[in-house]
Amino acid sequence: MRSGFPEDSSAYAVYADLPDEVLQAVLGQAAEVAEGVRALLARIGDRRESLRTRLLAEKRLRSFDPLPNAPGTAAVDGGSATDHSLGTDTALAVAVGIEGLTDPPGQGWSGVQYLAWQRTLPHEGEQTVATCRGIMSALELAVLRDAPQEVVFLDGSHLTPVIALNAMLSVRQDSLRREIAEVAERYATADALLHAMTAPNRVAVVKYDSSRDLTQTWMPETMQGAGLGPDDRTAMSILLEAGEYTEPVPIALTQQSRSNWLAKRIDALDPVDMARERVRLAINEAIQRVREDRLCVTYYRPHSWSSAFRLEIKAETASDPRRLERVLSAVRSQVLSPEIREPYPQWVADRMAKSVGDALIALRTAVRHDLADAGMADYLSLVAHSYRTETH
């Protein structure tokens with residue numbers, strides 16, 4: 001008898017406790033780990049005031065008074081998942097757009113915006129995963145392009161879709177390339193990528209930031225410590241006061257950050273089709289914008305209780321005080337509490353997009369029931385059960 005729950009055991013959470021000996025060994029290193037964290041933060045914290053004085057005098061740190069009426073905002077995020085069964089791979093990609101809190105409400109979208117793609121494909125391993133992630137980025141870019149709000153947040157870096165689309169174009173399997181071409185044509189992915197890279201009101205909000213461009217160029221070498229030293233977001237969260245932001249600088253400020261971008265340039269495709277070729281040219285045009293310093297980054301700390309946010313903006317926004325004020329006001333209006341560590345619509349979009357694994361489990365279960373009803377139950381136990389579901 002069927003219940004309301006999936007029938008296969010992989011649908012249920014499985015928990016395993018660490019052995020006491022392992023846990024004790026881990027906790028035994030707590031003091032050592034804490035000392036490493038303290039030493040890292042102390043490099044900046046112990047000299048915070050002198051650093052602030054110098055950076056303020058150099059106009060590296062700047063103050064900002066938020067506008068009384070923040071512009072309308074939205075955020076876009078995506079999720080992808082692949083289910084590897086014995087017979088086939090099932091791939092699912094989604095993108096969602098969420099409007100920020102506004103007063104009065106409902107100035108842009110009437111509800112959640114979304115696009116979804118799903119296919120059952122022959123086994124192709126990492127090529128299927130690369131295809132799914134690339135199509136997820138294509139869907140995100142399409143929602144981002146069509147958003148009517150004044151300021152729209154892209155989850156992650158401008159580099160994120162470039163990496164995903166680049167990997168997608170490297171797929172060699174014929175049927176996957178046809179899927180890629182179809183999606184790129186349907187959603188005008190090349191145009192959507194260039195829109196994300198050029199529109200002044202499209203802002204990339206980076207949650208995890210390992211960049212050290214500012215600490216390596218603005219701070220004395222003695223403060224950077226051994227190895228790489230503190231990352232920029234940590235340093236600026238300590239140095240910035242509420243309402244302050246850093247001088248916008250090119251996103252490829254150091255040679256290391258430039259190489260992260262310029263290494264992504266891709267040569268002509270073989271075999272080629274027009275839809276995929278347009279995406280390739282758009283990727284290289286995006287990289288050229290970085291080469292020409294037309295993408296910038298600033299760190300902004302909207303509240304005393306919040307950390308600094310890494311914002312990737314266009315050079316046109318960085319050089320226009322009015323545009324920059326509206327972007328910073330939009331961020332401040334959506335950072336609502338210490339418990340939500342990102343702008344509100346970005347937080348909601350992220351939670352929705354990361355539920356894609358649950359949607360894939362539901363899809364797999366529906367397919368199994370449909371096959372059973374079609375008289376193929378004898379094959380299910382042989383080829384239709386999953387190894388696991390991988391969510392990205």
Side-chain angles (χ1 to χ4, degrees), residues 51 54-64 141 144 151-166 193-221 223-224 228-237 239-240 244-266 281-301 308-328 330-331:
L51 267 176
R54 178 170 66 80
L55 294 175
L56 285 167
E58 296 172 352
K59 299 187 186 316
R60 302 287 195 185
L61 306 185
R62 304 175 180 183
S63 60
F64 161 72
L141 292 170
L144 186 81
V151 177
V152 185
F153 304 134
L154 170 66
D155 187 81
S157 167
H158 284 90
L159 182 59
T160 305
V162 170
I163 293 174
L165 295 176
N166 186 5
L193 175 62
L194 292 179
H195 175 83
M197 293 292 170
T198 59
N201 61 346
R202 270 39 179 172
V203 179
V205 183
V206 184
K207 286 182 288 192
Y208 177 78
D209 175 27
S210 61
S211 169
R212 291 169 172 83
D213 286 5
L214 300 190
T215 57
Q216 292 180 2
T217 55
W218 289 6
M219 296 182 185
E221 187 174 346
M223 295 194 60
Q224 297 174 21
L228 294 174
D231 62 81
D232 288 345
R233 187 174 182 184
T234 298
M236 296 308 144
S237 293
L239 290 175
L240 290 170
E244 291 181 337
Y245 66 98
T246 62
E247 172 194 16
V249 296
I251 198 171
L253 185 63
T254 65
Q255 186 56 45
Q256 180 178 352
S257 58
R258 289 183 69 83
S259 65
N260 289 340
W261 273 92
L262 303 183
K264 302 299 181 240
R265 186 175 181 86
I266 52 176
L281 294 175
I283 291 174
N284 288 338
E285 186 172 339
I287 294 169
Q288 183 63 28
R289 290 184 63 83
V290 177
R291 192 190 300 270
E292 297 170 353
D293 292 339
R294 295 164 71 183
L295 278 176
C296 297
V297 63
T298 184
Y299 288 83
Y300 171 50
R301 188 180 180 191
F309 289 85
R310 177 183 171 93
L311 309 176
E312 294 181 0
I313 58 179
K314 312 308 186 291
E316 296 86 345
T317 301
S319 62
D320 185 331
R322 181 183 176 278
R323 282 178 172 166
L324 185 56
E325 284 180 352
R326 297 195 71 76
V327 166
L328 298 181
V331 173

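Position 1 is the first residue of the sequence, and the numbers go up from there.
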Checklist line | Test item: V152 and V203 side chains (from C-beta on) under 4.5 Å apart, heavy atoms | finding: no
Item checked: Pair S157, E312: side-chain N/O donor-acceptor within cut-off below 3.5 Å -> yes
Next item on the list: Verify, without hydrogens or angle tests, whether K314 (side chain) and A199 (backbone) share a donor-acceptor contact under 3.5 angstrom.
Entry: yes
Next item on the list: Return the set of residues passing salt bridge (Lys or Arg N to Asp or Glu O under 4.0 Å) with R326 (not counting sequence neighbours), or none when no residue passes.
Entry: E150
Checklist line | Residue pair A315 / D293: nearest heavy atoms and the distance that separates them | finding: CB-O, 4.0 Å
Checklist line | Test item: N284 side-chain N/O and I266 main-chain N/O as donor-acceptor pair under 3.5 Å | finding: yes
Checklist line | Flag side-chain contact, heavy atom, 4.5 Å: W218 against D213 | finding: no
Next item on the list: List in chain and number order the residues that pass side chain to side chain donor-acceptor pair (under 3.5 Å) with R301, two or more places apart in sequence or in another chain; answer none if no residue qualifies.
Entry: none
Notebook entry, point to check: With a 3.5 Å cut-off and no angle check, do the side chains of S257 and T254 form a donor-acceptor pair?
Noted result: yes
Note to self: My understanding is that only residues two or more places apart in sequence, or in another chain, count here; which of them pass salt bridge (Lys or Arg N to Asp or Glu O under 4.0 Å) with E292?
What the structure shows: R294
Margin query: Minimum heavy-atom separation for A318 and P248, please, with both atom names.
Written below: CB-CB, 3.6 Å
Margin query: Apply side chain to side chain contact (heavy atoms under 4.5 Å, CB included) to residues Y245 and L240 and explain how you reach the verdict.
Written below: CA-CA 7 Å; Y245 66 98; L240 290 170; 5.6 Å; no
Next item on the list: Give, for atom CG of L61 and atom CG of L55, the distance between the pair rounded to the nearest 0.5 Å.
Entry: 4.5 Å
Margin query: How long is the straight-line distance from OG1 of T234 back to OH of Y299, given to the nearest 0.5 Å?
Written below: 9.0 Å
Next item on the list: Would you check, one step at a time, whether the test side chain to side chain contact (heavy atoms under 4.5 Å, CB included) holds for D231 with T215?
Entry: CA-CA 7 Å; D231 62 81; T215 57; over 6 Å; no
Next item on the list: Identify the two heavy atoms, one from A196 and one from L144, that lie closest to each other, and give their separation to 0.1 Å.
Entry: CB-CD2, 3.5 Å
Note to self: Restricting to salt bridge (Lys or Arg N to Asp or Glu O under 4.0 Å), what partner residues turn up for R291, sequence neighbours left out?
What the structure shows: none
Note to self: Let me confirm one number: the CZ-CE distance from R60 to M236, rounded to the nearest 0.5 Å.
What the structure shows: 10.0 Å
Item checked: With T198 via side chain to side chain donor-acceptor pair (under 3.5 Å) - residues at least two apart -> none
Next item on the list: Kindly indicate whether the side chain of V205, heavy atoms from C-beta on, has any atom under 4.5 Å from the side chain of R310.
Entry: no
Item checked: Closest non-hydrogen atom pair between V297 and P250, with its separation -> CG1-O, 4.3 Å
Checklist line | Point-to-point distance, once rounded to the nearest 0.5 Å, from CD1 of I313 to CZ of R323 | finding: 11.0 Å
Checklist line | Non-neighbouring partners of A164 that pass side chain to side chain contact (heavy atoms under 4.5 Å, CB included), sequence neighbours left out | finding: S137
Check: Has the side chain of T317 got a donor or acceptor atom that lies under 3.5 Å from a matching backbone atom of L324?
Finding: no
Next item on the list: Could you tell me whether the side chain of V327 reaches within less than 4.5 Å of the side chain of Y300, counting heavy atoms only?
Entry: no
Checklist line | Nearest-0.5 Å distance, CG of residue L154 to CG of residue L141 | finding: 7.0 Å
Next item on the list: Spell out, as yes or no, whether a donor-acceptor pair under 3.5 Å connects the side chain of R289 to the backbone of M197.
Entry: yes
Note to self: Show, in sequence, the C-alpha distance, side-chain angles and deciding distance for V206 and F309, and conclude whether the side chain to side chain contact (heavy atoms under 4.5 Å, CB included) test is met.
What the structure shows: CA-CA 7 Å; V206 184; F309 289 85; over 6 Å; no
Next item on the list: With rounding to the nearest 0.5 Å, note down the distance linking CD1 in I287 to CG in L295.
Entry: 11.5 Å
Next item on the list: Taking all non-hydrogen atoms of both residues into account, name the closest pair between R62 and K59 and its distance.
Entry: NE-O, 3.0 Å
Notebook entry, point to check: Would you say the side-chain atoms of R233 pair up with the backbone N or O of A308, donor to acceptor, closer than 3.5 Å?
Noted result: yes
Note to self: Within the structure provided, determine whether L311 and V331 are in side-chain contact (heavy-atom separation under 4.5 Å).
What the structure shows: yes
Next item on the list: Mark yes or no for whether D232, through its side chain, and L214, through its backbone, hold a donor-acceptor pair below 3.5 Å.
Entry: yes
